[in-house]
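Letters A, B, ... are given to chains in the order of the sequence lines, protein chains preceding strands, and every chain is numbered from 1.
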Amino acid sequence: MNIDRNEARRIAALAHLELDEPALDRMAAEMTKILTYIDQLREIDTTGFDERAATETPLRDDHPRPSTERDAVAANAPAWRDGFFVVPKVIGGE
Amino acid sequence: MSDVLELPWTEAREEVSPREYVDACLRAIGTHNRSLNAFLSVNDVAPEGSLPIAVKDNIVTTDLPTTCASAILRNFRSPFDATAIARLRARGASIVGKTNLDEFAMGSSTEHSAFGPTRNPWDPTRVPGGSSGGSTAAVAARLVPAALGSETGGSVRQPAALCGIVGLKPTYGRISRNGLVAFASSLDQIGIATKTVRDCAEILGIIAGHDPYDSTSSTEPVDDYAADLASGVKGLRFGIVREALAQLTGEVRANFDAAVAVLRGGGAIVEEASVPSIGSAVAIYYIVANAEASANLSRFDGIRYGYRSERARTLDAVYAESRGDGFGPEVKRRIMLGTFALSSGYYDAYYSRAQRVRAKLRHEFAEAFRAFDFLITPTTPESAFPIGAKTDDPLSMYLNDIFTAPANLVGIPAIAVPSGFDRAGLPLSLQFMATHFAERALFRAAAFYERETHYWRRAPMLQSERA
């Protein structure tokens, strides 16, 4: 599998990762090499096997219970005011 | 006083008071950590405890930071203790410090840490393995009797092998992962690093068991893991994985053959086993693990905790720039690979195919365990490699996990036990794998081998002692 700079840019955008042009080129080359190795999986006959996990993850009962204290959450927040996380304006540009 | 740190935990705790034990560890860390860089933080006011223990810095603790060795979590402190930590504390453990790792547990050398590499106690120019290299270096250097690590593709067993100590990956679901920072949720398990098999078995008994805060933790009863340690291996059936053996060369092969002779000497039945798809494990692993990582690490977005870019002026820029600045190169590479494998047009060819080969591998292991109680391989294809030797070649780094990744993909328990030293004086290691929830049997076999060989008794001469 060959990854070029444009494909690397597309994936970086999907992953919300800022990468500059040299980093995109480096990433494209490394991903190409790794995916070429991974392409050996195409040789294996998987007839009769599906992609589901071995066991399903059990779910707990949906009862309310105490959560983390708000002050403890605020202590780790990069920006916090009046009980809210502060972020840049989402609508209407800057 | 330093003698007590040479002893296994289960013997040392009889010899010394809890306060003296913890203080001995803190003094040893103070003397040697500057050269090893095994600890990222040390609890100078650690409470007295009959089990001084180090914890990999991707398991959350309230009294010390949890950085995952990443700049994105440089100042993070958890508001709660991981369940495994809470269980240890309830049994008198003292968390003496948090150990270095490859950022977010992604790596096999502990070089991918935002806080610098950890050095191998046997040779400071070499890596300790990874990603739990801080934990295994700390135990090997006799700074602490035990440490917790985490396993996704061999991240306790591989560094345990390269540092010459015991490393356990329990069955998937055996230990609660509540408070283990998620990397790849279908693979992750907390693991244990100790000098001896007995120490490992006893610590598993403390932290294993169902936890309502982790729905993937098993309700299977917790066993008496140390019950059969003295029972020997007579009549037990060990399978040598033929496809793994074919890849071995030189000293590693000779060391493995010698280990087989020890097992046969104890009356074990050792024959060739076949797991035809085992050679695909690394390829499966790097699709499945990275796909899950790309989802799990989306939580690091600069909004709720961790680093936020100062220059970002829009919400999208907060995400992209905080992640671009905060993650190191290996983490970005894996997020990119995982995002690719899950992206529209490639899902079937990569993620779905890898999961199907994984199902086939699981089937092959189940077949092998119909004929054998254990499967054995060397833990790693080589001993500790020089720092910097593989950092420019991610694929060659990944191939260090060739013998360890299968157990994570299949969900079975596996243990690494020291099996001697190569001509350079570096540790080698034997791996035992058993079927799901057969930890008690695993400890039995490993304890027999340890008793016959006693490699754990040899300790490295540390740089700070050489001077």
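The side-chain heavy atoms of A:Phe49 and B:Arg358, taken from C-beta on, include no pair separated by under 4.5 Å. Within the 4.5 Å cutoff, the side chain of A:Val87 has heavy atoms near those of the B:Ile303 side chain. Residues A:Trp80 and B:Arg304 fail the side-chain proximity criterion, which asks for heavy atoms closer than 4.5 Å. Using a 4.5 Å heavy-atom cutoff, the side chains of A:Ile34 and B:Pro394 are in contact. Put simply, the side chain of B:Ser280 reaches to within 4.5 Å of the side chain of A:Ile44, judged on heavy atoms.
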Query raised in the report: For B:Phe340 and A:Met1, what are the C-alpha separation, side-chain angles and deciding distance, and is it a side chain to side chain contact (heavy atoms under 4.5 Å, CB included)?
Result: CA-CA 11 Å; B:Phe340 167 80; A:Met1 182 73 208; 3.9 Å; yes

Report task. Apply the test side chain to side chain contact (heavy atoms under 4.5 Å, CB included) to residues A:His16 and B:Phe300: give CA-CA distance (whole Å), side-chain angles for both, the deciding distance (0.1 Å), then the verdict. Result -> CA-CA 10 Å; A:His16 289 293; B:Phe300 301 102; over 6 Å; no

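Contact of B:Val318 with chain A is made through the side chain alone, with heavy-atom distances under 4.5 Å. Heavy-atom distances place no part of B:Ala341 under 4.5 Å from chain A, backbone and side chain included. Proximity to chain A is absent for every atom of B:Asp301, based on heavy atoms less than 4.5 angstrom apart. Contacts of B:Arg362 with chain A are made by side-chain atoms alone, with heavy-atom separations under 4.5 Å and no backbone atom involved. For B:Leu399, the part lying near chain A is the side chain, with the backbone staying farther off; criterion is any non-hydrogen pair under 4.5 Å. Proximity to chain A is limited to the side chain of B:Phe327, based on heavy atoms less than 4.5 angstrom apart. Heavy atoms of B:Leu297 lying under 4.5 Å from chain A are absent altogether. For A:Ala23, no part sits under 4.5 Å from any heavy atom of chain B, backbone or side chain. Interface remark: B:Ser294 contributes no atoms to any contact with chain A (heavy atom separation under 4.5 Å). In this structure, chain B has a heavy atom under 4.5 Å from the side chain of A:Asp39, while its backbone stays farther away.
Salt bridge status for B:Arg311 with A:Glu18: present, with a side-chain N to carboxylate O gap under 4.0 Å. Electrostatic pairing of B:Lys360 and A:Asp45 does not count as a salt bridge here, judged by no charged N lying under 4.0 Å from a carboxylate O.
Rounded to the nearest 0.5 angstrom, B:Ile335 CD1 and A:Met27 CE are separated by 9.0 Å. Between the CG atom of A:Leu35 and the CD1 atom of B:Ile287 there is a distance of 6.0 Å, given to the nearest 0.5 Å. Considering CZ of A:Arg26 and CZ of B:Arg333, their distance stands at 9.0 Å, rounded to 0.5 Å. Considering OH of B:Tyr286 and OH of A:Tyr37, their distance stands at 10.0 Å, rounded to 0.5 Å. With rounding to the nearest 0.5 Å, the separation of CG in A:Leu17 from CE in B:Met336 is 7.0 Å.
When each of A:Leu41, A:Thr46, A:Ile38 is scored by its heavy-atom pairs under 4.5 Å with chain B, the top score falls to A:Leu41. For the set A:Glu30, A:Lys33, A:Glu69, the count of heavy-atom pairs under 4.5 angstrom toward chain B peaks at A:Glu30. Interface remark: of the candidates B:Lys332, B:Gln355, B:Arg353, B:Arg353 forms the most heavy-atom pairs closer than 4.5 Å to chain A. Among B:Asp325, B:Thr339, B:Thr216, the residue with the largest count of heavy-atom pairs under 4.5 Å with chain A is B:Thr339. Among A:Asp50, A:Asp61, A:Thr68, A:Leu14, the residue with the largest count of heavy-atom pairs under 4.5 Å with chain B is A:Asp50. Of the listed residues (B:Tyr307, B:Tyr172, B:Tyr346), the greatest number of heavy-atom pairs within a distance under 4.5 Å of chain A belongs to B:Tyr346. With respect to chain A, the highest number of heavy-atom pairs below 4.5 Å among B:Arg356, B:His363, B:Arg77, B:Glu321 belongs to B:Arg356. Per-residue counts of heavy-atom pairs under 4.5 Å with chain B were compared for A:Arg52, A:Glu51, A:Glu43; the largest is that of A:Glu51.
The neighbour count for A:Arg70 CZ, taken as heavy atoms of other residues, nucleotides or ligands under 6.0 Å away, does not exceed 12. Under a cut-off of 6.0 angstrom, the local environment of OH in B:Tyr213 is sparse, with at most 12 non-hydrogen atoms contributed by other residues, nucleotides or ligands. Sparse packing is recorded around CZ of B:Arg74, with 12 or fewer heavy atoms of other residues, nucleotides or ligands lying under 6.0 Å away. Taking a 6.0 Å sphere around CD of B:Glu310, one finds it holds 12 or fewer heavy atoms contributed by other residues, nucleotides or ligands.
Nearest heavy-atom pair, B:Pro212 versus A:Arg65, reported as atom, atom and distance to 0.1 Å: O-NH1, 4.1 Å.
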